[in-house]
There are 2 protein chains.
Amino acid sequence: MKKEKVDRRVQYTKMILRQSLIELLEKNPISKITIKSICEKADINRTTFYAHYTDQYDLLAQIKQELFDDVSVYLTNFTFHENESESVQLLNKIFEYIKQNSKICSVLLNDTTDTAFHEQVMVIVQKLCMEQLTKKSFNQNIINYIISFAATGSMGLIRKWLDTGMKEPTYTMAEIILKLTNQGLTAFV
Amino acid sequence: MKKEKVDRRVQYTKMILRQSLIELLEKNPISKITIKSICEKADINRTTFYAHYTDQYDLLAQIKQELFDDVSVYLTNFTFHENESESVQLLNKIFEYIKQNSKICSVLLNDTTDTAFHEQVMVIVQKLCMEQLTKKSFNQNIINYIISFAATGSMGLIRKWLDTGMKEPTYTMAEIILKLTNQGLTAFV
DNA sequence: ACAAAAAATCAACACGCTGTTTAGTAACAA
DNA sequence: TTGTTACTAAACAGCGTGTTGATTTTTTGT
């Protein structure tokens with residue numbers, strides 16, 4: 001399907017509005033950011049803003065969606081090493097992506113689970129569960145609780161890693177998540 | 001220290017404003033709730049609102065703080081059974097509290113970790129870690145990651161339990177959290 | 001090169017909400 | 001009963017929003 005060419009003015013407008021919101025979010029919560037302030041920073045007319053977005057929350061949602069798409073592409077274009085767990089490689093890629101894009105990730109991973117990473121980690125954890133919980137018949141609700149625990153926990157861990165300067169190697173972090181998901185504290189005893 | 005008696009008018013004003021915001025939050029996010037709408041619902045003058053709160057975010061923060069204090073008191077006034085893990089009993093109390101106050105908890109546990117429960121669960125998990133990770137010398141950062149994983153994961157699990165109608169008994173949920181924290185998926189194999 | 005279309009700008013407008021001030025009223029506590 | 005405190009009501013200036021219509025600029029297609 002032929003990709004429709006987007007007018008260069010539209011590309012610029014969206015790029016500069018997104019960049020402006022990201023920069024404002026570094027210092028303020030979304031609730032304190034006005035459309036007026038975004039447009040002033042971007043040097044874009046307010047009517048132009050309304051031509052593309054409903055409000056600042058819509059703009060933020062579209063930034064997140066763009067990130068989601070970018071992460072999906074990033075993880076899809078990937079060749080696994082045969083001699084390693086696929087999960088640990090995928091988690092490693094996620095941490096690598098976050099490290100490469102730490103500025104925008106710091107802003108977007110704000111006490112929220114509706115991010116691209118949460119969904120990707122959900123998929124990984126679900127796969128692990130399916131691999132390990134096949135011998136017993138479990139209540140689907142319990143499985144969902146387990147998945148929620150591991151996926152949300154991973155986001156909390158990722159948040160912490162971001163907030164404390166990302167000192168540890170990405171592969172180490174991927175291993176920690178896998179260990180905690182599979183064996184909890186006993187993996188570290 | 002003698003507890004200062006609060007004027008009944010102030011007690012009523014704060015109670016009705018808090019209740020009004022909670023009810024509005026059932027249907028709308030905080031960003032869409034105006035001070036005007038809170039005051040209309042409460043039938044309280046706007047100047048009175050400003051006498052007590054800075055804005056709707058301040059009101060919400062104080063509601064959360066009140067909940068935090070209430071939870072702390074609830075968990076402190078508690079006698080442990082000797083023949084059971086203290087952690088599972090505390091977790092059970094947390095789930096009981098949430099069940100008894102599910103209306104306000106549904107509203108307040110909104111993709112956020114800055115809640116009373118997160119902090120309480122942090123304390124429990126920290127204790128578990130201290131109990132089990134004493135034989136080895138771990139990087140404090142790694143311990144913090146483990147705590148973040150388990151505490152945030154617990155919040156995700158609690159959120160899920162709330163969202164799906166709280167069908168399972170509170171004690172079952174407490175046990176699931178403990179199992180996942182201690183042994184991860186292997187506890188369910 | 002030129003014309004049509006698209007995107008952005010500009011100015012204006014009505015509206016809604018905010019945050020403050022002042023005077024008056026009602027409730028509370030001593 | 002009285003003084004104090006808390007709340008109400010009205011008014012106000014200011015700010016931001018969302019929309020409209022005309023104009024300008026840029027882009028695209030012929």
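Below, read A as the first sequence line, B as the second, and so on, with proteins coming before strands; counting in each chain starts at 1. Given the structure is predicted, the values throughout are model-derived calculations rather than measurements.
The interatomic distance linking Lys5(B) (NZ) with dA6(D) (C1') rounds to 15 Å, in whole Å. Across the protein-nucleic acid pair, Lys32(A) atom NZ and dC15(D) atom P stand 17 Å apart, rounded to whole Å. As rounded to whole Å, 17 Å separates atom P of dA6(D) from atom CZ of Phe49(B).
In terms of polar N and O atoms assigned as donor or acceptor, the side chain of Arg8(A) never comes within less than 3.5 Å of the base of dT26(D) in a complementary pairing. Side-chain atoms of Arg9(A) and base atoms of dT26(D) include a donor and an acceptor less than 3.5 Å apart.
With a cutoff of under 4.0 Å to any heavy atom of chain A, the contacted region of DNA chain C is bounded 5' to 3' by dA6(C) to dA11(C).
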side-chain contact (heavy atoms from CB on, under 4.5 Å) between Lys103(B) and Val107(B), intermediate numbers included | CA-CA 7 Å; Lys103(B) 188 179 172 185; Val107(B) 158; 5.9 Å; no
Worked check of salt bridge (Lys or Arg N to Asp or Glu O under 4.0 Å) between Glu96(B) and Lys93(B) | CA-CA 5 Å; Glu96(B) 279 179 0; Lys93(B) 292 299 289 184; 3.8 Å; yes
Distances for protein N or O near nucleotides 17-20 of chain D N or O, under 3.5 Å:
residue : atom : partner  : partner atom : Å
dT17(D) : OP1  : Ile35(A) : N            : 2.7
dT17(D) : OP2  : Lys36(A) : N            : 2.9
dG18(D) : OP2  : Tyr50(A) : OH           : 2.8
dG18(D) : N7   : Arg46(A) : NH1          : 2.8
dG18(D) : O6   : Arg46(A) : NH2          : 3.1

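Partners of Ser37(B) by side-chain hydrogen bond (donor to acceptor under 3.5 Å, both in side chains), not counting sequence neighbours, listed by chain and number: Thr34(B).
With hydrogens and angles ignored, the 3.5 Å screen pairs a side-chain donor or acceptor of Gln11(A) with a backbone N or O of Val6(A). Side-chain atoms of Gln120(B) never come within 3.5 Å of backbone atoms of Ile94(B) as a donor-acceptor pair (strictly under, hydrogens ignored).
In this structure the side chain of Phe149(A) never reaches within 4.5 angstrom of the side chain of Lys160(B), judged on heavy atoms.
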